[in-house]
2 protein chains.
Amino acid sequence: MTAQQAAPVRRMRRAERREQILDAATRAFARAGFAATSLDDVAAEAGITRVILYRHFESKTDMYRAVLDRACTRLVEQVGADDFGGEAIPSLLRAAAADPDGFRLLFRHAAREPEFRDLTDTLTAASVEIARKNLAPRIPPGPWADWASRLIPTVAIESVIAWLDAGRPDPDAAAERIGAAIHGVIQAAQPR
Amino acid sequence: MTAQQAAPVRRMRRAERREQILDAATRAFARAGFAATSLDDVAAEAGITRVILYRHFESKTDMYRAVLDRACTRLVEQVGADDFGGEAIPSLLRAAAADPDGFRLLFRHAAREPEFRDLTDTLTAASVEIARKNLAPRIPPGPWADWASRLIPTVAIESVIAWLDAGRPDPDAAAERIGAAIHGVIQAAQPR
DNA sequence: CCATTTGTATACTCAGATGTAAATAAAAGC
DNA sequence: GCTTTTATTTACATCTGAGTATACAAATGG
């Protein structure tokens with residue numbers, strides 16, 4: 001009597017489940033990074049058993065790389081090779097809003113995990129290079145150009161994360177303000 | 001014949017050894033954070049066996065807290081409650097130069113480790129509050145004040161790390177430029 | 001010279017996490 | 001209905017790393 005009729009449990013197709021696992025894994029890993037997150041944490045976040053994870057991924061490392069790969073791909077698709085055009089910052093904001101956990105995971109954790117740095121290195125190296133090229137006409141090569149071209153991508157990323165933390169107010173205004181903040185760094189690197 | 005006379009190995013006093021272990025642990029943990037660093041890594045970095053570590057620290061966690069505590073104390077001693085006076089940035093630079101590994105460890109790793117966030121939380125909360133107070137007369141309360149007061153401490157820290165990475169050129173000029181970069185963020189948060 | 005301190009070597013226990021295997025059950029699709 | 005796919009459960013096997021115990025060796029300091 002007290003026994004409820006078990007509601008028919010909706011099963012997912014393989015590809016769908018895989019995506020759902022990647023979503024959950026992104027959330028789980030975003031909390032504390034690779035080493036401090038167990039597969040049981042991921043499984044719990046996905047609402048399944050650990051065993052299922054192994055039907056979709058060879059190993060923990062394999063899964064993590066898949067998570068980072070997806071986040072990276074999404075980011076590159078949204079931002080594109082749109083190096084410093086006016087749409088770069090708005091599209092960065094869109095990308096972060098679309099996948100905030102992935103965004104945080106990439107830049108706050110993966111970038112500091114030596115074992116997986118290769119996945120974010122291309123991204124950061126590319127953005128540093130873009131910054132350096134855009135700085136070149138205005139700042140003579142040397143330590144301050146180095147300083148600024150390292151700092152600018154970081155400030156861009158951290159501005160976006162601060163925007164997420166502040167509740168994502170008005171994306172258009174945010175883009176302008178972030179642009180202004182970056183401009184401030186460029187000014188600061190100017191010879192005086 | 002071939003046997004060398006073993007050079008008499010200089011032994012350290014207890015306190016001295018403890019400091020040396022803390023130095024080595026700071027370097028080791030600065031590479032990949034708490035979870036991804038084993039006690040064997042630390043012992044190897046210190047040039048001793050793992051067993052010795054337990055003569056100075058109760059546990060891995062205990063040791064890590066001691067490392068963070070020391071880095072934190074040093075930082076506070078150097079920077080002081082010198083909230084936004086003109087000497088704040090120069091002293092931040094001095095502190096980072098004096099203990100670069102500790103500096104990186106605190107802000108790049110410990111700040112992202114939920115288990116140890118309490119140790120850096122007071123620091124970051126304090127600096128965010130200082131930023132907010134200094135912003136108050138110029139920026140109306142609201143999401144952009146939130147945004148800027150979160151971002152400013154981060155930009156300060158990241159500017160310093162970028163300065164370390166760029167080879168620590170001219171500390172005085174660096175202080176001015178970092179001040180200018182922060183000013184740029186304040187400008188960016190201004191109502192428009 | 002003798003006690004204390006400091007370091008080494010080795011071997012062990014224990015816990016947690018990764019990864020595997022097999023039997024069972026239920027949903028989906030034909 | 002019958003097969004295939006997907007999920008659960010339970011039970012292992014294995015490994016790494018934390019933490020402990022003990023016996024030994026060498027330096028220090030009186």
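Each chain gets a letter, A, B and so on, in the order the sequences are listed, and its residues count up from 1.
Residue A/Gln20 contributes atom CD, which lies 14 Å from atom P of D/dT6 at whole-angstrom precision. Rounded to a whole Å, the CD1 atom of B/Ile48 is 11 Å from the C1' atom of C/dT8. Between the CD1 atom of B/Ile52 and the C1' atom of C/dT6 there is a distance of 7 Å, given to the nearest Å. Rounded to a whole Å, the CG atom of A/Leu53 is 13 Å from the C1' atom of D/dT8. One can place CD of A/Glu58 at 10 Å from P of C/dG19, the figure rounded to the nearest angstrom. In this structure, A/Arg17 places its CZ atom 17 Å from P of C/dA26, rounding to the nearest Å. Atom pair B/Phe57:CZ and D/dT20:P shows a separation of 15 Å (rounding to whole Å applied).
Looking at residues two or more places apart in sequence or on another chain, you find a side chain to side chain contact (heavy atoms under 4.5 Å, CB included) between B/Leu119 and B/Arg65, B/Leu68, B/Asp69. Applying the ring-ring contact (aromatic ring centres under 6.0 Å, His included) criterion to B/Tyr64, with sequence neighbours excluded, gives B/Phe29, B/Phe34, B/Phe116. Scanning for side chain to side chain contact (heavy atoms under 4.5 Å, CB included) contacts around B/Asp40 gives B/Ser38, B/Arg50, with sequence neighbours left out. Taking B/Trp163 as the reference, nothing meets the ring-ring contact (aromatic ring centres under 6.0 Å, His included) condition, with sequence neighbours excluded.
Between B/Asp165 and B/Arg104 there is a salt bridge, since at least one side-chain N of the basic residue sits less than 4.0 Å from a carboxylate O of the acidic one.
Applying the salt bridge (Lys or Arg N to Asp or Glu O under 4.0 Å) test to every pair with at least one member in residues 123-146 of chain B, sequence neighbours left out, gives these pairs: B/Glu129-B/Arg132, B/Arg132-B/Asp146.
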Polar atoms only, N or O, under 3.5 Å: list the protein pairs with nucleotides 14-18 of chain C and their distances.
| residue | atom | partner | partner atom | Å |
| --- | --- | --- | --- | --- |
| C/dT18 | OP1 | A/Leu39 | N | 3.2 |
| C/dT18 | OP1 | A/Lys60 | NZ | 3.3 |
| C/dT18 | OP2 | A/Leu39 | N | 3.2 |

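Under 4.0 angstrom from either OP1 or OP2 of C/dT8 there lies at least one side-chain N or O belonging to B/Thr49.
In terms of position along DNA chain C, the nucleotide closest to A/Thr61 lies nearer the 5' end than the nucleotide closest to the other residue of the pair A/Arg55 and A/Thr61.
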